[in-house]
Amino acid sequence: MKHGLILFAHGARAASWAAPFERLRDATQARTPDAEVVLAFLELMTPSLPDTVAAMVARGIDQVTVVPVFLGQGGHLLRDLPALCDTIRAAHPGLDLNVVGAIGEDPGVQRAMTDYCVASLGARGD
């Protein structure tokens with residue numbers, strides 16, 4: 001099986017908004033050389049999740065994991081993402097598509113965010 005990992009983010013009008021997600025993609029790809037790691041967006045930016053999956057399938061990838069790079073399970077992850085995945089599964093019946101929980105709900109990510117918040121006490125940002 002050929003594996004793909006999609007970091008799925010919301011998207012924004014400002015292209016610079018994607019920079020941290022691009023760094024996350026690059027760092028993840030560096031640690032997973034046997035998988036293809038890409039970004040996809042819900043709205044306002046491209047590529048979309050269905051387009052990303054279609055391109056991966058065209059390259060022979062038959063197992064895809066989607067990591068929602070969201071802090072929590074809001075409406076987009078509770079309604080929009082499942083609908084997108086239903087459409088993707090219908091279009092690519094041989095694809096093994098797995099969606100994990102929102103990155104911000106992971107206990108390790110929560111610890112890292114807590115560490116950052118605690119370390120910021122007394123820091124001065126501009």
Side-chain angles (χ1 to χ4, degrees):
M1 281 192 150
K2 292 180 79 175
H3 300 272
L5 182 61
I6 299 174
L7 308 181
F8 180 62
H10 186 276
R13 286 179 180 82
S16 61
W17 174 89
F21 300 97
E22 292 165 349
R23 290 191 301 271
L24 178 61
R25 177 204 55 213
D26 295 347
T28 303
Q29 183 65 78
R31 292 184 51 189
T32 56
D34 294 335
E36 180 179 335
V37 181
V38 298
L39 285 171
F41 302 96
L42 176 65
E43 57 189 16
L44 304 172
M45 299 181 101
T46 58
S48 69
L49 184 59
D51 289 347
T52 300
V53 171
M56 288 180 136
V57 169
R59 289 191 294 278
I61 294 172
D62 53 5
Q63 183 176 10
V64 172
T65 299
V66 177
V67 177
V69 189
F70 286 68
L71 287 179
Q73 296 278 88
H76 288 313
L77 297 187
L78 295 173
R79 289 184 301 277
D80 300 333
L81 182 55
L84 285 170
C85 290
D86 288 345
T87 300
I88 290 166
R89 286 184 179 105
H92 308 284
L95 178 67
D96 179 6
L97 181 66
N98 179 44
V99 180
V100 299
I103 197 169
E105 293 185 359
D106 177 80
V109 174
Q110 285 283 321
R111 280 190 298 278
M113 289 190 299
T114 300
D115 290 346
Y116 177 84
C117 292
V118 170
S120 71
L121 282 172
R124 300 190 61 84
D126 293 323

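- Atom-to-atom distance recorded for Ile61:CD1 and His92:NE2 is 12.0 Å, nearest 0.5 angstrom.
- Residue Leu39 holds its CG atom at 10.0 Å from CG of Leu5, rounded to the nearest 0.5 Å.
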- Item | Stepwise side-chain contact (heavy atoms from CB on, under 4.5 Å) check, Met56 with Ile6 | CA-CA 10 Å; Met56 288 180 136; Ile6 299 174; 3.8 Å; yes
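- The shortest side-chain heavy-atom distance between Val66 and Leu97 falls under the 4.5 Å cut-off.
- When the side chains of ILVMFWY residues are joined at heavy-atom separations under 4.5 Å, either directly or via intervening members, Val53 and Val99 end up in a single hydrophobic cluster.
- Of all non-hydrogen atoms in Gln29 and Val37, the two that sit nearest each other are OE1-N, 2.7 Å.
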- Message: Would Glu105 and Leu71 count as a side-chain contact (heavy atoms from CB on, under 4.5 Å) here? Give the steps.
- Response: CA-CA 6 Å; Glu105 293 185 359; Leu71 287 179; over 6 Å; no
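- Of the inter-residue distances, the one linking Asp96 atom CG with His3 atom NE2 reads 9.0 Å to the nearest 0.5 angstrom.
- Side-chain atoms of Leu84 and Phe8, non-hydrogen and from C-beta on, do get closer than 4.5 Å to each other.
- Ser48 contributes atom OG, which lies 9.5 Å from atom CG of Leu42 (distance to the nearest 0.5 angstrom).
- When every heavy atom of Trp17 is checked against every heavy atom of His10, the shortest pair comes out as CH2-N, 4.0 Å.
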- Could you walk me through whether Val64 and Leu95 pass side-chain contact (heavy atoms from CB on, under 4.5 Å), step by step? CA-CA 7 Å; Val64 172; Leu95 178 67; 3.7 Å; yes
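- Note on Leu7 and Leu81: separate hydrophobic clusters, where clusters join Ile, Leu, Val, Met, Phe, Trp and Tyr whose side-chain heavy atoms are under 4.5 Å apart, directly or indirectly.
- Looking at every heavy atom in both residues, Gly108 comes nearest to Asp106 through N-OD2, 2.9 Å.
- Listed here is the closest heavy atom pair of Gly104 and Val109: CA-CG1, 4.2 Å.
- Here the CD atom belonging to Gln110 is positioned 11.0 Å from the CG atom belonging to Asp115, to the nearest 0.5 angstrom.
- With hydrogens and angles ignored, the 3.5 Å screen pairs no side-chain donor or acceptor of Asn98 with any backbone N or O of Thr65.
- Closest non-hydrogen pair, Ala30 versus Pro33, comes out as O-CD, 4.1 Å.
- In this structure, the side chains of Glu43 and His76 come closer than 4.5 Å at one or more pairs of heavy atoms.
- Residues Val69 and Leu24 have side chains in contact (heavy-atom distance under 4.5 Å, counting atoms from C-beta outward).
- Minimum interatomic distance between Gly101 and Pro68 (heavy atoms only, all atoms of both residues): O-CD, 3.6 Å.
- Residues satisfying the side chain to side chain donor-acceptor pair (under 3.5 Å) test with Arg59, not counting sequence neighbours, are Glu36.
- How far OG1 of Thr28 is from CZ of Arg23: 12.5 Å, rounded to the nearest 0.5 Å.
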- Query: Where do Thr46 and Phe41 land on the side-chain contact (heavy atoms from CB on, under 4.5 Å) test, with the steps shown first?
  - Reply: CA-CA 6 Å; Thr46 58; Phe41 302 96; 5.9 Å; no
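- There is a path of hydrophobic side-chain contacts, each under 4.5 Å, that joins Val67 to Phe21.
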